[in-house]
Amino acid sequence: MKTISFFATIMLAAVFAFGQKQNIDEVKVTPPKFTGLNNAISMMNDGKFESIEDYLARNIEYPEKDAKILNQGTEVVQFIVSPTGELTDFTVINSVSPQFNEEVIRVLKTTNGMWEPGFNNSNPVAMEKEVSVVFKIEGNRFTPDFKTQASKHFSKGGEVFLTEHNPKKALKHYDKGILLLPSDESLLLMRGLARYETGDKDGAIRDWERIKMLGGNLNDDLLGKISSLKGYEELTHILSE
């Protein structure tokens, strides 16, 4: 009998920083922090806050419909932590299925009041964060290695796009790779270019702006190979802003 499980990770999509305190024009900015405690008043008995990963792992249930069809992937949901520690404005950045969307947002809503808000100097302010939740069915022959599978989709997409000059077909491979690894900057780069070639300029810009948010650590060899493609100038402009 197969075992259903998932793995949860979290990263910031903050306005100012990626999980570190920074000084911007001598303004001290601190991102929101999950405490796992109602009203975020006291700490756990061992002196540590519960992590958002642990909280999600304890409370998220694998949607039955998706489990039956072995649907797997990585959900990414962005939200705002208000000055009072409430969560608002949920946005699905990467969707595995409507059921996954609903389940992750459902559990996130139960954390209202369990967050210390972000601060601008000593003033609590609204800030963005996002969570990435990996849904994977363990214990059967269909359990994929997400990194390996995404790499295959990246290679196949590149072959179809750069050699066969078929960006529409390449998009299908990039979408499958990003379903597994939504924060892979090389996949986002190439999907953006394929989108641009097929006329989806807005979609391309969203992918490239996400690369910038993630840090923009792109491979120079890869950039050299795509320098003649449509959208390259706009891509480099976005990343250099």
**Q** Is there any salt bridge (charged side-chain N to carboxylate O under 4.0 Å, His left out) pair reaching into residues 92-109, and which pairs are they, with sequence neighbours excluded?
**A** E103-R106
**Q** Looking at residues at least two apart in the chain, or sitting in another chain, which of them share a salt bridge (charged side-chain N to carboxylate O under 4.0 Å, His left out) with E86?
**A** none
**Q** With sequence neighbours left out, write down each residue that passes side-chain contact (heavy atoms from CB on, under 4.5 Å) with E164, or none if nothing qualifies.
**A** E159, V160, K169
**Q** Residues two or more places apart in sequence or in another chain: which of them pass side chain to side chain donor-acceptor pair (under 3.5 Å) with S82?
**A** T84
**Q** Rounded to the nearest 0.5 Å, what separation is found between the CD1 atom of I205 and the OH atom of Y196?
**A** 7.5 Å
**Q** Would you say F79 and T91 make side-chain contact, with heavy atoms under 4.5 Å?
**A** no
**Q** Would you please name every residue forming a side chain to side chain donor-acceptor pair (under 3.5 Å) with N217, sequence neighbours left out?
**A** none
**Q** State, yes or no, whether a side-chain contact exists between S151 and T148 at a heavy-atom distance under 4.5 Å.
**A** no
**Q** Please list all pairs passing the salt bridge (charged side-chain N to carboxylate O under 4.0 Å, His left out) test where one or both residues lie in residues 219-241, with sequence neighbours left out.
**A** K201-E234
**Q** With sequence neighbours excluded, give me every salt bridge (charged side-chain N to carboxylate O under 4.0 Å, His left out) pair touching residues 177-190.
**A** none
**Q** Assigning hydrophobic clusters by single linkage (Ile, Leu, Val, Met, Phe, Trp, Tyr; side-chain heavy-atom cutoff under 4.5 Å), is L171 placed with L189?
**A** no
**Q** Determine which pairs satisfy salt bridge (charged side-chain N to carboxylate O under 4.0 Å, His left out) with at least one residue from residues 170-180, sequence neighbours left out, and list them in order.
**A** D175-R191
**Q** Name all residues meeting the side-chain contact (heavy atoms from CB on, under 4.5 Å) criterion together with S227; count only those two or more places apart in sequence or in a different chain, and write none if there are none.
**A** Y232
**Q** Measure from the side-chain N and O atoms of Y174 to the backbone N and O of G157, and report whether any donor-acceptor pair falls under 3.5 Å.
**A** yes
**Q** Checking P98 now: which residues fulfil side-chain contact (heavy atoms from CB on, under 4.5 Å) with it, not counting sequence neighbours?
**A** none
**Q** With sequence neighbours excluded, what pairs up with S97 under the side chain to side chain donor-acceptor pair (under 3.5 Å) test?
**A** D66, Q99
**Q** Would you please name every residue forming a side-chain contact (heavy atoms from CB on, under 4.5 Å) with D202, sequence neighbours left out?
**A** D200, R206
**Q** For P32, run the side-chain contact (heavy atoms from CB on, under 4.5 Å) check against I80, L87, V81 and tell me which one passes.
**A** V81
